[in-house]
Amino acid sequence: GGVISTNLGLNTNSGIFSVQYEPNRGSLWYSGTNGIPATNGARAGMEFRPDRKSFRMGQVTTDTLWESTNTLPFTVAFGSNNSPGGRFSVILGGYNNAIHTNGENNVVGGGINHTVSTNATNCVIGGGENNFIALDCAQSVIGGGASHIIRSAASYCIIGGGFANRTHDTYQTVAGGLNNIAADNFGGTPINSDAAFIGGGEENNSIGLRTVISGGYKNIMLGGCDYSVMSGGSSNGLGLAGSGVNFTVIAGGSQNAVQNDATGSAISGGFLNFIGPGALFGIIPGGFSNSIGTSVTKAGAYGFQLTNN
C-alpha cells in the first residue's frame, strides 16, 4: 500500500529518471534531485492516473496543476503549465493554456495563453496566442492567430485566424483579417445578428441577421441590415439601428452609403454615392457623388463624412 520508488539508472547532469508507483496511481518522472519526484514546486515528467483515466506529460512550475483536485477524469495535457479543467478535454501542447471548470469535451491544440472558459463545451482552439472562448459557449472554434475572442454564449461560431477578431452572437464566422467584429448590439441595444459572416479585411463591423462582409477596410453594417452584403471596398456604410435596409448590397468602392428605410437597394461601386431614407430598391451603378433620396450630411457613426446636394 505504500509508495514504491526505483531509479532507472539513466544519469544526467541534473538528475536521473525514476519510477514512482502508488496504489491506483502510476508515474514516470524526471527530477533534478537525485531522481526523487518533487512533492511541490516545479515538476517535469509523465504521469498516468488509472483512477482518473488521465494522462500528463510535460512540466509545471507549480505542482498543484497536477494534484488530484486539478486532474479531472478523462483529460490529457502535454506541454508546459497547461491545465485541462473539464472532463474529456485535451491540451496537446504549448504553454500556459487553460480549460476552466466544467469546460467539457474541449481541445486546445497548442500555442500560448489560450483560455476556454467555465461551462464552455465542445470547443476548439487550434493554436496561436492569447485566444479566448468565453463562458457558456458551445461548439465554437478558433483556428489560430492571436487575441481573438468568442463572446459569452456565442455558440457555433468560427474565427479562422488573423488578429483580434471577435464574434458576439450564434453561428457567426470571421474567417480572418484584423480587428473585425461580428457584433450583436448597437449602442447597447441588442440586435439579432445570428449567422453574420466577415471574410477578412480590417476593422469591418457587422450587425444584422445573416449579413456578409467579404473584406475591405472599415466597412460597417449597423442594425436593420438583415440579409445584406458588402463585397469589399473601404469605409462603406449600411443602415442605422433598426432602420430597415434589409436585402441591400454595396459591391465595393469607398464611402458609399445606404441609409434607413432603403430596403432592397444597391450601390455597385464608385465613391461618395448615397441612397437616402425611403429610397426603396434604388440602384447606383457607380461613379462619384451620386444620390437617390433625401440629401444628408452624416459624420461620425460610419467613420466618414458624406455631403450630397
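- Transitive grouping of hydrophobic side chains (ILVMFWY, heavy atoms separated by less than 4.5 Å) keeps L72 and V108 in distinct clusters.
- Cluster annotation: M230 is not connected to L209 through the hydrophobic network of ILVMFWY side chains, with a link wherever side-chain heavy atoms come within less than 4.5 Å.
- With hydrogens and angles disregarded, a donor-acceptor distance shorter than 3.5 Å links the side chain of N165 to the backbone of G177.
- When atom types are taken as modelled, the side chain of D261 and the backbone of P277 share no donor-acceptor pair closer than 3.5 angstrom.
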Apply side-chain hydrogen bond (donor to acceptor under 3.5 Å, both in side chains) to the pair S254 and S235, showing each step before the final yes or no. CA-CA 6 Å; S254 180; S235 299; 5.3 Å; no
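- Remark: side-chain polar atoms of N219 are not paired, donor with acceptor, to backbone N or O of N204 under 3.5 angstrom.
- Although no hydrogens or angles enter the test, the distance criterion places a donor-acceptor pair under 3.5 Å between the side chain of N131 and the main chain of H148.
- No donor-acceptor contact under 3.5 angstrom links the side chains of S54 and T75, judged on distance only.
- At distances below 3.5 Å, at least one donor-acceptor pair connects side-chain atoms of S193 with backbone N or O atoms of A183.
- Here the options are I213, T167, N205, V174, the test is side-chain contact (heavy atoms from CB on, under 4.5 Å), and the partner is N180; only V174 passes.
- Contact record, R166 with H168: CB-NE2, 4.0 Å, taken as the closest heavy-atom pair.
- For N113 and N96, the side-chain atoms include at least one donor-acceptor pair closer than 3.5 Å.
- A donor-acceptor pair is defined here as one N or O able to donate and one able to accept, closer than 3.5 Å; such a pair exists between the side chain of N236 and the backbone of N256.
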Only pairs under 3.5 Å count here: list side-chain donor-acceptor contacts from residues 98-105, not counting sequence neighbours, and write none if there are none.
| from | atom 1 | to | atom 2 | distance (Å) |
| --- | --- | --- | --- | --- |
| E104 | OE2 | R87 | NE | 3.0 |
| E104 | OE2 | R87 | NH2 | 3.2 |

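- In terms of modelled atom types and a separation under 3.5 Å, the side chain of N122 and the main chain of S140 share no donor-acceptor contact.
- Of the possible donor and acceptor atoms, none in the side chain of D194 sits under 3.5 Å from a partner among the backbone N and O of R210.
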Which pairs would a plain distance check flag for residues 151-164, meaning a side-chain donor or acceptor within less than 3.5 Å of a matching protein atom at least two apart in sequence or in another chain?
| from | atom 1 | to | atom 2 | distance (Å) |
| --- | --- | --- | --- | --- |
| S152 | OG | L135 | O | 3.2 |
| S155 | OG | A138 | N | 3.0 |

